[in-house]
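Below: one structure, written as structure tokens.
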Number of protein chains: 2
Amino acid sequence: MTVWDRPEPPTRPAPLDRERIVAAAISLADEGGLEAVSLRKVAARLDVGPMRLYGYISTKEELFDLMVDEVYAEILPEERPGDWREALHILAHRTRQATRRHEWLADLLGGRPALGPNALAVTETTLAAFDGLADLETVARAVETVSAYFTGAIRREIANLRAERATGLSDRDWQRASGPHVTRMLATGRFPALAKFVHDGTEVDADVSFATGLDWVLDAVAAKLARPSA
Amino acid sequence: MTVWDRPEPPTRPAPLDRERIVAAAISLADEGGLEAVSLRKVAARLDVGPMRLYGYISTKEELFDLMVDEVYAEILPEERPGDWREALHILAHRTRQATRRHEWLADLLGGRPALGPNALAVTETTLAAFDGLADLETVARAVETVSAYFTGAIRREIANLRAERATGLSDRDWQRASGPHVTRMLATGRFPALAKFVHDGTEVDADVSFATGLDWVLDAVAAKLARPSA
DNA sequence: TCTCGGCAAAATACAGTGTATCGACATGAG
DNA sequence: CTCATGTCGATACACTGTATTTTGCCGAGA
């Protein structure tokens, strides 16, 4: 018995329903991050006592699951992608865009299996793009590998973005941005490769680094699909 | 000014120090997960009032950062890897093993930039393995892409593991394990590809699926290192 | 030796959290 | 008109991270 099994409460549910609860929670999270979402605040925003929510949701984690699935509705592409590569490409970019709109998604991505109806629809569309192209085992590996990549990449990107924001400095000025600690560490000479990196590295655009890494991984998948044994 | 800049308190620090605090927090987390770590419980385990901790740590998030860096000490390989591929391979597998020992690491991985001394040492070793092999830009892309992959893969693996544990069923019995919801969804016929997948798919070993995905990504990186423009 | 000042540590305090429980009220049935 | 049901609100509890106040010790000066 998970969230998804719970039926909408029977009839006269007042002006309150799950959709409204989830929407309130999402707007709260959009404004103040995940930690700004408390059942009391969600309830307050709906002019309702905190306990009312438990008629629609049985735990805060469930609310998070519902929020995530709501965002998967934004991720689902509106038109069926042409081939598997386009499908994964679009999925990755739409997930990233959604995370841009809902930064808190980065904190939840990959944290639990996504089994809501919208997430399932996304998975369906993705798998459908592989129809007849390879054995299920290979398809699974392909989808999971690409998903793991963009999930991890998005999380790191948001983590860096927040760090920059907290220090007010750019990612390129890594040393200063991270406080004297890193600078001092580098000065010890114990990290020559890292030091050279920080010193000579050029500022990289997050968009292109995400897209480039994605292309690499997609190339890898393409190679495996072409020669399944390799 | 970050955690790493804070000096150990001057001299007579009682039998208490950061190491002991972090160790207590880690053992608490190992036993009961991240949510079992509260400053009060950590303090209690050290026979100390909760406020004592604030002489060594200024926020709970800092404690988490310290815990993560402590685990990076386990991740750091004891001998210098032969080439870049071995370096990334080892890094990925050691990170996964560490997460197996400290499951809570999955919740923190990629959530914040890892800038502790041990994390820096790990980065140093990894970068050093690329010395002279390619321009910095390419090296960055290589390391970040592989890291994104294994970070995401480890998180998903732990997420699935927990879901299995919660339902007591195997990942292969996805439908039942996820409660009637998924089963019912699949029965609607709206997800034919997914249904076929769940129905025909074979149980996959987490070890091999992690290793296989990793090899794919490493192959991709190798291809790019060989032909930098491609 | 006694007293006082400073300071580390402990106790208390506060605002908030998720959630359980209980009491009132309103609404429908007989 | 009465009574039962069941929904909703208020209250309560155990806990959180952290700020503030109180305590008590220990060394310096008289």
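We name chains A, B, ... by the order of the sequence lines, and we start the count at 1 in each one. Here the structure is a predicted model, which is why all the values come from computation and not from measurement.
- Put simply, CG on Leu63(B) is 10 Å from P on dT18(D), counting in whole angstrom units.
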Exercise. Could you run through nucleotides 16-23 of chain C and give me one letter per nucleotide, 5' to 3': B if any protein heavy atom sits under 4.0 Å from the base, S if only the sugar-phosphate is that close, - if neither?
Key: -BBBB---
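- Listed pair Arg52(A) / dG9(D) meets the phosphate criterion, a side-chain N or O lying under 4.0 Å from OP1 or OP2.
- Salt bridge Glu62(B)/Arg18(B): absent, no basic N to carboxylate O contact under 4.0 Å.
- When the P atom of dT16(D) is taken as reference, atom CG of Leu53(B) falls 13 Å away, rounded to whole Å.
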Practice problem: Kindly determine whether Thr99(A) and Arg155(A) satisfy side chain to side chain donor-acceptor pair (under 3.5 Å), including the steps that lead there. | Solution: CA-CA 9 Å; Thr99(A) 309; Arg155(A) 255 174 86 83; over 6 Å; no
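- Rounding to whole angstrom units, CG of residue Leu16(A) and C1' of dT7(D) are separated by 12 Å.
- Applying the ring pair (Phe, Tyr, Trp, His ring centres under 6.0 Å) rule to His102(B) yields the partners Trp104(B); only residues at least two apart in sequence or on another chain are considered.
- Counting only residues at least two apart or in different chains, side-chain hydrogen bond (donor to acceptor under 3.5 Å, both in side chains) contacts with residues 106-116 of chain B comprise Glu61(B)-Arg112(B), Asp65(B)-Arg112(B), Asp107(B)-Arg162(B).
- Tyr56(B) places its OH atom 19 Å from the P atom of dG17(D), with the value rounded to the nearest Å.
- Atom CZ of Phe210(B) sits about 10.5 Å away from atom OG1 of Thr145(A), to the nearest 0.5 Å.
- Here Leu186(B) contributes atom CG and His199(B) contributes atom NE2; the two are 11.0 Å apart, rounded to the nearest 0.5 Å.
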